[in-house]
Structures are given as structure tokens and as C-alpha cells.
Amino acid sequence: MSWPNGKSRPRLGRAVPRQRNLSRLVRLTAVIVVVVLAAVVLANGMTKDVGRDEQMYCTAGVLLARGQLLYRDFSFISHPPYHSLLLAAFYRALPTSHYLLVGRLVSVLCEILVILAILGVYRSAFGKCEVPVGWGLPHRVPRFLHPGPFPASWWGKPHPTTSNFQLPTSNFRSSGLLFGLGAVVLSTLNPLVEYASGYAWNHNLVILCVMLALWLFISTDFQKQGKGKKAKGESQTRARTSSFLLFPFDFLFFRTALIGALLTVATFTRITTAPLAVLFLAAVLKQGKSDKEKGKREKGNVRARVLLFPFDFFLFPFFVGAGVALLWPMSVFLRAPQAMWLNLTRIPALCAQWIRAAGFLHDKVQLSVALLTTPSYLILLALAVYLGVALARRWSSIEARDRGNIVLAGAVVLLFFVIAYLPPVMWQQYLAVPVPFVAVALAFPLAVLEQEKSKKSKLKSKTGARTFAFFLLPFAFLLANPAALGRSAALLAPQQWVPIQLHRTCQEMAGTIQEPRRVLTLGPLYALEGNCDIYPELANPFSYRVADRLSAHERTITHTVGPETLDELIRDRPPSGVLLGVEPPYTSFLEDPLRRLVPPTWRRATVGGTLQIHYAP
């Protein structure tokens, strides 16, 4: 059979329904994989023992929720306040004392959102693929092809049969979704990621903010003209520009502002992520310059000349979003600037010296070799190198905007690796942060290669790619971390979850403590879970280690106390109980000053197998 122009007619009637069925199967597979990974993440967070850092993060959130101020009333070292402010908001909104449970659920929620964001990046990267196929068009486009990316004039009107048309981009999105599923499996089940995730730490919030900013950036067409109503006799661009000058709020404005806000939240969650904000700022500035050059070529486009603002069109919303997100932490900083400075600079430097002197310092080279050679991590890096080489060979044929996205994704990965090695003390969870971004960076070379292959072999390559990805998924599950799947059975017994058991133990422990129910301990979270009060000077167990190296004035400003000045703390405020056994064996000597302050007449009880509580008579 042939068209009137004599060309052979393609048999699309069977191919398109097959593509639809495959797309539905892909979406169903995506839902199943995301649910399984969400269960793995939740089980991971509910089965881990209490971490030492969680004492600092959760305690800061509880004290903030009770009306105390960060830095001014208690110590919180190394990190800006956004994560603690987020926990405080949840603690105040939820009438519960399950502080560890809420903190870990916040981290689990962030991890699940990261999984969805990775899939969104892959779908956006593959959704931009357009494959022209040299088939002649009929006089009317078939109805089953209409939902594709065709001009509206193609429907219901004759069209020259010599023109080409483009296959629906939903096919490529399905392929991208499958590749994205493999990426999230290798990322989520990576042993390093599994080790770092699940705790009530601030790592997950940083990863989520940067991942969302990256997704927003690559899915935003900064050069696209506005879709608002045109004024009579004006071009779309001119109408959009005029509305921006009078009232600078549109869809692109809010997306750019949200990128600035997300990066500000990440920076004021972990200050070491500030270089990433600078990187995205440079990327936004480059988009503004490209837009300005485009505006010079377009007659009557005043968008390149924004007279009301002394900087670029896209920088203004970026700074607006950053400024709004900065209001909350700045209100904390301005109330105690000197204490904030000591907590972010002086005390962390002393803690690094203490760790080095105690012999707990990790060798960065040995740690890196041990971690980077784990199978799942090594596979991700090998894929990144292979696809990077394949991409370099096709670099000149890639569009400028796609090249910018590729460079941005690669720069994010490199910066996270640099950030992992910058601190004087390096921990293995630092190398877990780049993993999801390595997985995301693979999306762009995969999309380029898939588009190139589809141009050569037309419809068959997309089906083959998705079939290959279907078979790859179970292998990715088994290869990444099969033990993590087995731990998901813990979700069937919530009473055995570590946060639930901890809360029950703390409630039993605090049941017989006398008024004023003040507990002296280096594990303040245990006392707070039992509805007891703590000493704000011991809210941060890390500043306790080095507080004696501070001057008396600095200890007063930061509200800290060390082993040598501990007796001064309880002189006017005696405790109702002393809780010991919260430190691991290698740092148990830190509890000796507390143990010496326990009177011999106090009764003692052991709870939870390791905790010893001493009660005042």
C-alpha cells in the first residue's frame, strides 16, 4: 500500500498500540519500583541504632520548639540552622514526644522525594528528544497520533505529504523512565547511601534541595517566550517583557526564584554547599546573557533592557528567592552573632583537633579506596566514565542548551566530591552525597545516545532500549544491595522499630524521676523522649568535649560546659537523675566526670541493656 504521492505507507496501526501498552507497562513498573524503594528506605530508617549526631540535631529541634534560641541559648556547632528549624516546625505542629521517630520520618520523606526527583530529571532529559522520521503524511493525521508534539494546524487540515513529522516524545520519556528506575535502584541501594540515610541528619535535606534545583533548571526553557496574552499589535515577547517591568511575577520568575530559594536552604543547612549556589548562579547568569543576545536580534524586544533593576533579568528572581529563604536563618544569626560565629568556626576547629589527638581521624586515601571500590559505587563510576567518553565524541553535534545541562550536572558531581574532601575530618557518609548526582548525570548522555540510535533505526530502537532496561532492573536490584530488601520485613512489626522502642524505654526510665525532672546526661535525646528537662549546656555532646579549651567569656556566650567545669553547672541546679552509658566504648571516658558527681546514696537501674540511670532519693 502507498500514499497518493507514491511512497510506501508505513504500517503504524500495530506499532502505536504496542507502544501504548509498553508505556503503560513502564508506568506500572515505575510505581512498583518506587513503592519497593520507599519501603526499603523506611525500613532502613526504622531499624538503625541511635546515632551520636542525632542527639545534636533532634535536641536542637526540641529546644527550638520549646522557645529557646539556637546559638544564644545552647550550642549547635558546624551547621547553619535550617534543618533544626525544620524539625522544630514539625515538633511544634505534631503533639508528640516521639522526637527521634519524627526526625527520621522527615529524613525518609526527603529520600523518597529524591527518588521521585531523579525520575523527574530522567523524564525531562529524555522528554526533549525529537526524532524526525522521513515518512510522508496522509491528508489527515490519524487520531491515535494526535496527542504527540504536532502543530495544531496538522489536525483536521490537509498537509503536504512531502513534510516530515516527529514521533511522540512519550516514547522517549518511557525509555528515560526505565533508565531512571535503574539509576535510582543503584543509587538508593548503594551501601554508602544506605549507611548515611535513615538517620535524623541534615544530609538528606541538602540532597533534596540541590536535586530539586537541578530538576527545575534543566526542565525550564529560559529562552522560551511567554505564553501570556499578547497585547494588540505586540509580539509575545514584548507583551511578556512589559508585564514583567510593571509586575515582575510570571511562571519563569517563580521557577527561577524557587531555584534560588532551594539552594539557599541547602547552603544554610550545610554551609559547605555554598559553592553549589555559586555554580547555579553562574548557570542562571549564562542563561540571562544568552537571552540578552537573543533579544538584540529580535526587533522590539525590550526584555534584554530591564531598566528597573540593575542586573540581569534572571538574576533578579534568583536573588528574590534566595532573600526570602534567608529571612529565617538571618533572624537567628542577628540575635546572637558572636555565639553563632564561635559555633560555626572556633568550636568545630577545636573538635577537629580533639578528634586528631584522640586518634579517630580517618585516612582520606584509605577511606576513599575502600569506599569507591564497593561494587555498586564502582559500577556507577564506570558507567559515568564510559558515557562521558561516548558523549565527548558527539559533543559538537549536541545543542548548546543540552551542553549547558550536561556541564551543570557534571559540575555538581565534581563539587560534591570536592566538598567531601574539604573538611579536616572526613567521614564515610560524605562520599554518599555525590551518589544520587552521579546517577542523575548519566541521564543526559543516555538521552543523547538514545536519540542518535533512534534516528538511525527509527521505531525499533526505542522498543529495544526499554526491553533491555526491563531486564536490567532486577539485576540492578540484586547487584546493588540485596540485603536491604530483606530488611523491609521490619515494616510489618512497627513495635520493634528502634524509635518506638527508644521512646518506650525512655518513658519507663523517666517514670520514677523526681521533680524538677532534670537529667544530667551526654545523651539529651533520651531525657527529652521521657518528657524530662535537660541542661542546655549539654544539648550538644560535641561542644562538651572541647568547651574547657574556650575562655570563660566564650563559654558564657555559647552556653557550653566541659568536663573540668561540670561541677559549676550543677552547683545551683542539681539534677534529679544522671543518665550514663550513652557514649560508645571508645569515648566512654567522657562520662567519667558525670559518674563522679553521682552521690553514693542514689539508687541505680539499668534500662535498655546499656543505659544506667541514677535516681535522686
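No hydrogens, no waters, no symmetry mates; every other heavy atom, side chains included, goes into these values.
- In terms of heavy-atom proximity, Y71 sits nearest to F76 at CE2-O, 3.2 Å.
- In this structure the side chain of V412 reaches within 4.5 angstrom of the side chain of F280, judged on heavy atoms.
- The minimum heavy-atom distance between L431 and Y377, with the atom names listed, is O-OH, 2.8 Å.
- Counting only N and O atoms by type, the side chains of T587 and E583 include a donor and acceptor under 3.5 Å apart.
- Salt bridge status for D533 with R66: present, with a side-chain N to carboxylate O gap under 4.0 Å.
- Rounding to the nearest 0.5 angstrom, the gap separating the CE atom in M509 from the CD1 atom in I613 is 5.0 Å.
- The 12-atom threshold is exceeded at CH2 of W328, counting heavy atoms of other residues, nucleotides or ligands nearer than 6.0 Å.
- At a threshold of 4.5 Å between non-hydrogen side-chain atoms, the residues E54 and L100 count as touching.
- Rounding to the nearest 0.5 angstrom, the gap separating the CG atom in L279 from the CG atom in L414 is 10.0 Å.
- Looking only at side-chain heavy atoms (C-beta outward), L569 and L538 come within less than 4.5 Å of each other.
- The distance from atom CZ of R72 to atom CE of M340, rounded to the nearest 0.5 Å, is 14.0 Å.
- You'll find the side chain of Y526 reaches within 4.5 Å of the side chain of V50, heavy atoms only.
- Contact check for L342 versus L550: no side-chain heavy atoms found under the 4.5 Å cut-off.
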Q: Determine, stepwise, if the pair Y91 / T96 fulfils side-chain hydrogen bond (donor to acceptor under 3.5 Å, both in side chains).
A: CA-CA 7 Å; Y91 292 154; T96 180; over 6 Å; no
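- Side-chain atoms of S551 and H553 form no donor-acceptor pair, as typed in the model, at a separation below 3.5 Å.
- Geometrically, R518 engages Y535 in a cation-pi contact, judged by NZ or CZ lying under 6.0 Å from the ring centre and within 45° of the ring axis.
- In this structure, a donor-acceptor pair under 3.5 Å is present between the side chains of R603 and T512.
- Listed here is the closest heavy atom pair of I115 and V184: O-CG1, 3.8 Å.
- Between the side chains of T565 and D548, at least one donor N or O lies within less than 3.5 Å of an accepting N or O.
- In this structure, a donor-acceptor pair under 3.5 Å is present between the side chains of Q501 and Q496.
- Using a 4.5 Å heavy-atom threshold, the side chains of Y430 and H203 count as touching.
- The aromatic rings of Y199 and W201 lie parallel to each other, with less than 30° between the two planes, well short of the 60° mark.
- Enclosure of atom CD in E564 is not indicated, since only 12 or fewer non-hydrogen atoms of other residues, nucleotides or ligands lie within 6.0 angstrom.
- Side-chain N/O atoms of Y57 and H79 include a donor and acceptor closer than 3.5 Å.
- The nearest pair of heavy atoms linking S78 to I271 is O-CG2, 4.3 Å.
- When only modelled atom types and interatomic distance are considered, T267 and Y82 share no side-chain donor-acceptor pair under 3.5 Å.
- A donor atom on one side chain and an acceptor atom on the other are found under 3.5 Å apart for N343 and S75.
- A salt bridge between R573 and E537 is present, with a side-chain N of the basic residue lying under 4.0 Å from a carboxylate O of the acidic one.
- Within the 4.5 Å cutoff, the side chain of R595 has heavy atoms near those of the L580 side chain.
- Nearest approach of N531 to S97, heavy atoms of both residues: OD1-CB, 3.4 Å.
- When all heavy atoms of V114 and I207 are compared, the closest pair comes out as CG2-CG2, 3.9 Å.
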Q.
Before you tell me yes or no, could you show the steps for Q514 and Y615 under side chain to side chain contact (heavy atoms under 4.5 Å, CB included), namely the whole-Å CA-CA distance, both residues' side-chain angles and the distance that decides it to 0.1 Å?
A. CA-CA 8 Å; Q514 304 296 324; Y615 298 97; over 6 Å; no
Q: Please test L594 against Y544 for side chain to side chain contact (heavy atoms under 4.5 Å, CB included), starting from the C-alpha separation and ending with a verdict.
A: CA-CA 12 Å; L594 282 74; Y544 163 81; 3.7 Å; yes
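- For the residue pair N540 and T59, no side-chain donor N or O sits within less than 3.5 Å of a side-chain acceptor on the partner.
- Put simply, the side chain of R52 never gets that close to the backbone of P541: no donor and acceptor are under 3.5 Å apart.
- P317 places none of its side-chain heavy atoms less than 4.5 Å from the side chain of F254.
- F268 and F333 have tilted rings, their planes meeting at an angle from 30° to 60° on a 0 to 90° scale.
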